[in-house]
2 protein chains.
Amino acid sequence: MRNNWRKFASILLDSSIKKQVLLKEERHAYILQRLSARQKVLTSSLSEELSVSEDTIRRDLKELADNGQLRKVHGGALPPSHNPYAYRDREVYALESKIKIAEKARSLIQDGQVVLMDGGTTNLELVKRLPQDLHATFFTNSLPVAVQLSGHPHIEVIFAGGKLLKDAQATIGLEVVHLFSEIRADICILGTRSLHHEAGITEINWEEAQVKRSLVQAAKKVVALVISEKIDTLQPYTVCDIKGLHTVVTELDTTDEILIPYKKRGIVLI
Amino acid sequence: MRNNWRKFASILLDSSIKKQVLLKEERHAYILQRLSARQKVLTSSLSEELSVSEDTIRRDLKELADNGQLRKVHGGALPPSHNPYAYRDREVYALESKIKIAEKARSLIQDGQVVLMDGGTTNLELVKRLPQDLHATFFTNSLPVAVQLSGHPHIEVIFAGGKLLKDAQATIGLEVVHLFSEIRADICILGTRSLHHEAGITEINWEEAQVKRSLVQAAKKVVALVISEKIDTLQPYTVCDIKGLHTVVTELDTTDEILIPYKKRGIVLI
DNA sequence: GAAAAACTTGCATGTTTTTGCGGGAAACTA
DNA sequence: TAGTTTCCCGCAAAAACATGCAAGTTTTTC
């Protein structure tokens with residue numbers, strides 16, 4: 001008899017490990033996230049990833065399409081044609097590399113941290129991929145980053161106000177610099193236009209450089225996300241000295257030749 | 001009999017908890033805690049964990065949902081509408097009316113003006129329809145409004161920084177209020193949730209009300225965009241006294257009966 | 001302190017939603 | 001054009017749901 005109890009209790013215990021039952025809404029969220037990250041989804045892959053039949057996926061896609069959240073095509077789905085956010089509509093240059101970088105950089109952000117983040121498509125890809133259960137506080141001056149973060153349940157977002165630089169969809173100016181001068185963050189993640197093994201991070205726009213400099217100064221740890229083709233290029237205005245740089249994330253293997261000078265300077269490569 | 005096993009098993013499991021029967025309130029607390037920890041709860045799991053029937057769990061979930069503390073879905077429940085796409089993909093309620101209002105309100109904004117604008121779908125519709133050759137300066141605390149405006153060639157945008165209220169996709173807090181306290185604008189355009197011919201504009205969220213109040217105080221002229229069904233409704237927090245209101249834009253004909261009290265008070269109707 | 005009222009819970013009932021599958025239509029590919 | 005893949009439609013089983021009701025519990029009231 002006692003054995004039976006044990007058995008029953010163990011069944012109950014097992015239930016805490018529960019097989020992964022996804023609610024319909026969760027599947028929908030997953031699909032949308034996947035779509036936003038990869039720009040396309042396949043019925044077949046989704047069926048495997050979510051362990052449901054293709055018919056179910058089709059029904060999901062249909063529902064989402066009816067809702068205007070994606071565009072259904074033969075074999076899968078694409079982002080909605082009329083996207084209210086112009087920034088996203090633009091084809092992202094070197095998206096594959098940026099996705100790779102974003103995936104690598106995910107692990108840098110941990111629970112409870114205060115994170116500074118500027119704009120740029122690489123950062124946006126990273127933000128799209130932050131785990132749903134991450135608890136953190138983000139400071140940013142980028143509109144698209146803020147929009148994306150506003151969808152996360154446990155991330156507090158502080159937006160740095162100021163004059164809006166339209167091309168970058170980010171704020172600049174004294175107000176922004178002032179805000180960052182008042183905080184002390186754990187980590188600062190920079191979408192980087194130019195990285196050089198002697199000059200560090202440089203920028204082409206003086207005002208943006210100004211703002212990024214204030215971000216750098218407010219953080220204990222500075223991380224540069226940069227695609228390889230921008231390594232060892234130079235721009236007029238310095239954002240962050242090479243000595244102030246803590247980590248560099250690229251899409252390359254960390255043993256790649258071009259990264260050697262950085263390794264020599266003690267910079268963490270990912 | 002089967003039930004007895006269950007009870008017993010649950011005692012084994014919850015050896016730390018003395019009572020085998022949880023009060024309703026306790027169950028509710030447990031459910032909410034579980035939800036916040038895992039981002040989802042399943043009716044079936046909860047039934048096991050709490051050793052009550054699924055019917056009871058359903059009733060609990062329904063109650064919590066009615067209370068706005070979670071979102072009930074088939075199979076369980078999810079956190080209250082935190083999905084990133086809620087704001088932009090949600091079918092805009094009463095869109096037809098809002099478009100009508102936006103079309104009417106276009107003429108209020110003129111070249112060279114400094115305009116204050118808060119969030120809301122009506123304002124967003126207006127912003128979408130601003131003439132391409134308009135030159136103006138906009139102050140806003142709404143993310144979607146700023147994004148939309150950033151696509152406009154001749155409008156300068158100043159974004160009010162602060163803590164981001166995710167549901168509204170707008171910033172709130174002292175910083176925002178402070179910014180608006182320092183400027184003097186020509187016109188302030190409010191997306192309005194409630195308008196009353198005696199109380200004026202009122203809001204349901206205290207922090208949002210606070211921000212809107214600062215907008216009102218910074219402008220020479222206050223315009224309310226409001227769909228007719230929100231006329232003569234009331235919310236707890238006052239944004240703008242009826243005397244401080246200059247213009248009201250609705251989708252109705254200006255001779256409509258419901259607007260008479262406003263006309264009598266000398267408010268401009270459009 | 002006892003009767004009445006209100007509340008809570010589990011179960012039986014019938015209904016709705018979700019899901020996978022078969023088969024034929026449609027769309028792609030070569 | 002032929003052949004494969006993907007889609008769509010209807011069906012059926014399983015799961016989840018709403019509802020009414022009865023039994024038990026708690027609270028109120030006098």
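Lettering of chains follows the sequences in order, A, B, ..., and the numbering in each one begins at 1. Side-chain atoms are counted along with the backbone in the values below, which use heavy atoms only and exclude waters and symmetry mates. Everything quoted here is computed from the prediction, not taken from an experiment.
- Among the heavy atoms of the strands, none lies under 4.0 Å from A:S44.
- Taking atom CD of B:E63 as the reference point, atom C1' of C:dT8 lies 11 Å away to the nearest angstrom.
- Between the side chain of B:R71 and the backbone N or O of B:P79, at least one donor-acceptor pair lies under 3.5 Å.
- Taking the 5' to 3' direction, DNA chain D first and last meets chain A under 4.0 angstrom from a heavy atom at D:dT6 to D:dC9.
- Using a cut-off of 4.0 Å between Lys/Arg side-chain N and Asp/Glu carboxylate O, B:D55 and B:R59 are scored as not salt-bridged.
- Regarding A:K24, its NZ atom lies at a distance of 4 Å from the P atom of C:dT18, rounded to whole Å.
- For A:D55 and C:dC21, the CG to P distance is 8 Å, given to the nearest whole Å.
- Of the options B:R58, B:R27, B:K24, a salt bridge (Lys or Arg N to Asp or Glu O under 4.0 Å) to B:E63 is made by B:K24 and by none of the others.
- Counting to the nearest Å, the P atom of C:dG20 and the CD1 atom of A:I57 are 9 Å from each other.
- Atom CZ in B:R58 sits roughly 12 Å away from atom C1' in C:dT17 (whole-Å rounding).
- Take the nearest nucleotide of DNA chain C for A:E54 and for A:H74: the residue whose nucleotide is more 5' is A:E54.
- In this model, no donor atom of one side chain and acceptor atom of the other lie less than 3.5 Å apart for B:S47 and B:S44.
- Ring geometry for B:Y237 against B:W206 counts as perpendicular: the plane angle is over 60°, on a 0 to 90° scale with 30° as the lower cut.
- OP1 or OP2 of C:dT9 sits under 4.0 Å from a side-chain N or O of B:R27.
- Nucleotides of DNA chain D nearest to A:R59 and A:G75 differ in position, and the one nearer the 5' end is that of A:G75.
- Atom CG in A:L50 sits about 15 Å away from atom C1' in C:dG20, given to the nearest Å.
- Among the protein residues, B:K72 comes within range of the sugar-phosphate backbone only, with heavy atoms under 4.0 Å from sugar or phosphate atoms but none that close to a base.
- The two residues A:I31 and A:V41 have their closest heavy-atom pair at O-CG1, 4.1 Å.
- Applying the 4.0 Å criterion to OP1 and OP2 of C:dT9, one finds that B:S53 has every side-chain N and O outside that range.
- Using modelled atom types, one finds no donor on one side chain facing an acceptor on the other under 3.5 Å when comparing B:S228 with B:T250.
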